[in-house]
Amino acid sequence: KLADDKERRVVRQLERWGWPVIPVSFLTVGFQTAVQLTAGLLGWRWPRYTLAAVPGWIAWGCVYAAGGLAAVAGLVTLARQAWWLPVVALLVVAGLVTVLILRRRAKPAPASPASQPDYTEAS
C-alpha cells in the first residue's frame, strides 16, 4: 500500500516517464530514496531495474568522486601550509578553557549541613 504522497508522485513519474526516472533520481536528494523504494514496491524485476540504474550509478559515482577528490586536494593543500597548525591548537585550547569555565560556573554550590533536613528519629 502506498500511503505517502511522495510515493504516489513517484509512481506517477515512473508510469509517465518509465525507466529514465531511475538514473535521474541518483542526481537528486530525497527523491532518490522514494524512486528506489517505489520501484521495489511496484515489483520491477532486477535485470530491468539494474539496466535502468547503471547510468545513475555511474553519474552518482562521478559526482561523489569529484567531491571527494576536491576535499582531499583541499586537505593536501592545507597540510602543506604550516601556519594553520598553531591556529588550530590555539582554538582547541581556547575551546577547552571555555568549556571548563562554563562548567565551573554552572555547578550548584554545595548545600550547607544546616539547610539539610534532619531525618533522625527522636527516641
Side-chain angles (χ1 to χ4, degrees):
K1 178 180 176 182
L2 296 173
D4 193 352
D5 289 335
K6 186 178 258 187
E7 279 104 12
R8 282 192 215 119
R9 191 177 103 217
V10 171
V11 168
R12 286 194 303 272
Q13 293 293 329
L14 282 171
E15 288 172 348
R16 181 175 181 199
W17 297 102
W19 70 268
V21 172
I22 292 174
V24 170
S25 74
F26 282 93
L27 302 176
T28 62
V29 175
F31 188 66
Q32 174 183 2
T33 303
V35 168
Q36 310 311 313
L37 175 68
T38 305
L41 290 174
L42 291 177
W44 278 51
R45 301 281 185 237
W46 72 267
R48 181 179 180 204
Y49 174 80
T50 301
L51 285 174
V54 165
W57 295 340
I58 292 170
W60 182 83
C62 290
V63 169
Y64 185 77
L69 291 175
V72 169
L75 288 174
V76 167
T77 302
L78 188 61
R80 288 183 180 165
Q81 300 174 2
W83 64 267
W84 65 271
L85 191 57
V87 172
V88 170
L90 182 66
L91 289 174
V92 168
V93 169
L96 288 173
V97 168
T98 303
V99 167
L100 291 174
I101 290 172
L102 291 176
R103 278 190 173 186
R104 182 164 289 182
R105 287 184 183 173
K107 281 187 179 179
S112 66
S115 66
Q116 294 180 355
D118 186 16
Y119 293 112
T120 59
E121 292 183 25
S123 328

| message | Starting from Leu102 and following side-chain heavy-atom contacts under 4.5 Å between hydrophobic residues (I, L, V, M, F, W, Y), which residues can be reached? | response | none
| remark: Joining Ile, Leu, Val, Met, Phe, Trp and Tyr whenever any side-chain heavy atoms lie under 4.5 Å apart, the cluster holding Val24 also takes in none
| note | Using a 4.5 Å side-chain heavy-atom cut-off and chaining through intermediate ILVMFWY residues, the residues clustered with Val93 come out as Val97, Ile101
| query | Are Val21 and Val54 connected in the hydrophobic side-chain network, where two residues link if heavy atoms are under 4.5 Å apart? | reply | yes
| For Pro23 and Pro55, which heavy atoms make the closest approach, and how far apart are they? | CB-CB, 4.0 Å
| request: Is it possible for you to say whether Val63 and Trp60 belong to one hydrophobic cluster, with membership spreading through side-chain heavy-atom contacts below 4.5 Å? | output: no
| field | Smallest separation among heavy atoms of Phe26 and Ile22, with atom names | value | CD1-O, 3.2 Å
| message | Same cluster or not: Ile58 versus Tyr64, using hydrophobic residues (I, L, V, M, F, W, Y) connected whenever any side-chain heavy atoms lie under 4.5 Å apart? | response | yes
